[in-house]
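The structure appears below as structure tokens.
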Amino acid sequence: MGVPLAEIRYFEEIGSTNDIALQWVEQGAADASLVVADTQTQGRGRMQRKWITTPGAALAFSLVLRPEQDQKDRMQFYSPLGALAICQVLREKYQLDAQIKWPNDVLIKRRKTCGILTEAYWLGQEICGVVIGIGINIAPESIPRDGEVLYPVTCLENETGLKIDRWVFLKEILDSILIWRQRLCEPIFFEAWQKNLAFVGAMVRIGGDSGSQITGQLLGITTDGSLRILQNDRQEVAVKVGDVHLRVQ
Ligand code: BTN
């Protein structure tokens with residue numbers, strides 16, 4: 001593939017590439033090991049949502065990273081690492097105006113084209129592996145039907161008008177992730193994330209799984225990756241990454 005990966009495990013059909021990658025981490029998968037599937041029967045999204053992967057039309061993969069010591073307290077940066085890498089490839093190689101919907105979706109013209117589910121593998125008190133699971137809608141058949149998702153969606157081929165080679169695109173993304181991961185602790189990473197952030201200046205509503213809600217103007221992100229919201233009472237609050245969802249009002 002030309003990317004410095006440790007090993008690749010490819011499946012025509014699998015439950016979830018994240019599940020396989022997490023098992024593999026437990027069994028000792030090396031840094032930069034990759035699980036790829038043509039289709040998933042149990043694809044998972046954030047907040048226990050289902051993720052659909054249409055065979056031949058999408059990308060579904062999970063990358064195993066073994067964080068360096070100084071990266072172990074940066075768990076909240078791994079999904080943005082994937083999102084930033086994808087945004088950069090979409091901008092530079094496909095001339096698409098891609099943006100990151102905090103914390104970790106990639107949007108093109110405000111429509112979701114990619115979702116990321118990052119999961120950590122802990123040994124006692126210490127994180128010893130991170131799995132970045134990425135699903136990308138490539139061809140029109142990958143777009144979920146009406147009623148299957150709660151947000152507007154699109155796919156790369158509709159946005160570019162081109163036929164996309166999934167494996168070329170996968171290689172480009174992996175190259176970009178492996179470059180950016182070396183800069184995870186540097187200000188440039190945070191700056192690039194902030195620059196690619198969607199909805200800055202817009203009025204948004206953040207909902208938590210406990211039913212709590214915060215509304216206000218999206219200002220940007222803090223250096224620890226929390227979302228800065230200016231509430232109607234002019235108080236600024238920082239919302240941490242967790243089981244929260246963001247809606248534009
Ligand atoms: C989301 O938008 O909620 C995140 C979706 C993440 C989907 C990817 S597809 C590859 C990997 N395997 C999974 O089961 N989920 C992630």
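In listed order, ligands and their atoms are each counted from 1.
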Exercise. Please state which protein non-hydrogen atom is closest to atom 15 (N) of ligand 1 and give its distance, to 0.1 Å?
Worked result: R44 O, 2.7 Å

Exercise. Between Q40 and ligand 1, which residue portion shows a heavy-atom distance shorter than 4.0 Å: side chain, backbone, both, or neither?
Worked result: side chain

Exercise. From I108 CD1 over to N158 CG, what is the distance, rounded to the nearest 0.5 angstrom?
Worked result: 10.0 Å

Seminar exercise, completed: Quick note on ligand 1: atoms under 4.0 Å from a heavy atom of G45 include exactly 1 (C), 3 (O), 4 (C), 5 (C)

Exercise. Which is closest to atom 11 (C) of ligand 1 in terms of heavy atoms, I14, L59, D19, T17?
Worked result: T17

For this session: Please test D224 against R74 for salt bridge (charged side-chain N to carboxylate O under 4.0 Å, His left out), starting from the C-alpha separation and ending with a verdict.
Result: CA-CA 8 Å; D224 74 352; R74 303 233 150 189; over 6 Å; no

Problem set entry | Under-4.0 Å heavy-atom contact with ligand 1, by part of D105 that carries it | side chain

Problem set entry | Close-contact set for ligand 1 against F61 heavy atoms, below 4.0 Å | 10 (C)

Seminar exercise, completed: Note: ligand 1 atoms sitting under 4.0 Å from heavy atoms of G43 are 14 (O)

Exercise. Is D97 salt-bridged to R91, going by a charged N under 4.0 Å from an acidic O?
Worked result: yes

Exercise. Polar-atom distance check: W51 versus ligand 1, any N or O pair below 3.5 Å?
Worked result: no

For this session: Consider only side-chain heavy atoms of I, L, V, M, F, W and Y, link residues closer than 4.5 Å, and tell whether I229 and V248 are in one cluster.
Result: yes

For this session: Step through it carefully: locate the ring centre of F169, locate the ring centre of Y94, and say whether they are under 6.0 Å apart.
Result: yes

Exercise. Can you tell which part of I116 has a heavy atom less than 4.0 Å from ligand 1: side chain, backbone, both or neither?
Worked result: backbone

Exercise. Under 6.0 Å between ring centres, would you say that holds for W102 and F199?
Worked result: no

Exercise. If you measure only the distance, is there a donor-acceptor pair under 3.5 Å linking the side chains of N137 and T113?
Worked result: no

For this session: Using a strict cut-off of less than 4.0 Å between a Lys/Arg side-chain nitrogen and an Asp/Glu carboxylate oxygen, indicate whether D105 and R46 qualify as a salt bridge.
Result: no

Problem set entry | Check: R46 N/O within less than 3.5 Å of ligand 1 N/O | yes

Seminar exercise, completed: Within the 4.0 Å heavy-atom cut-off, what K112 brings close to ligand 1 is side chain

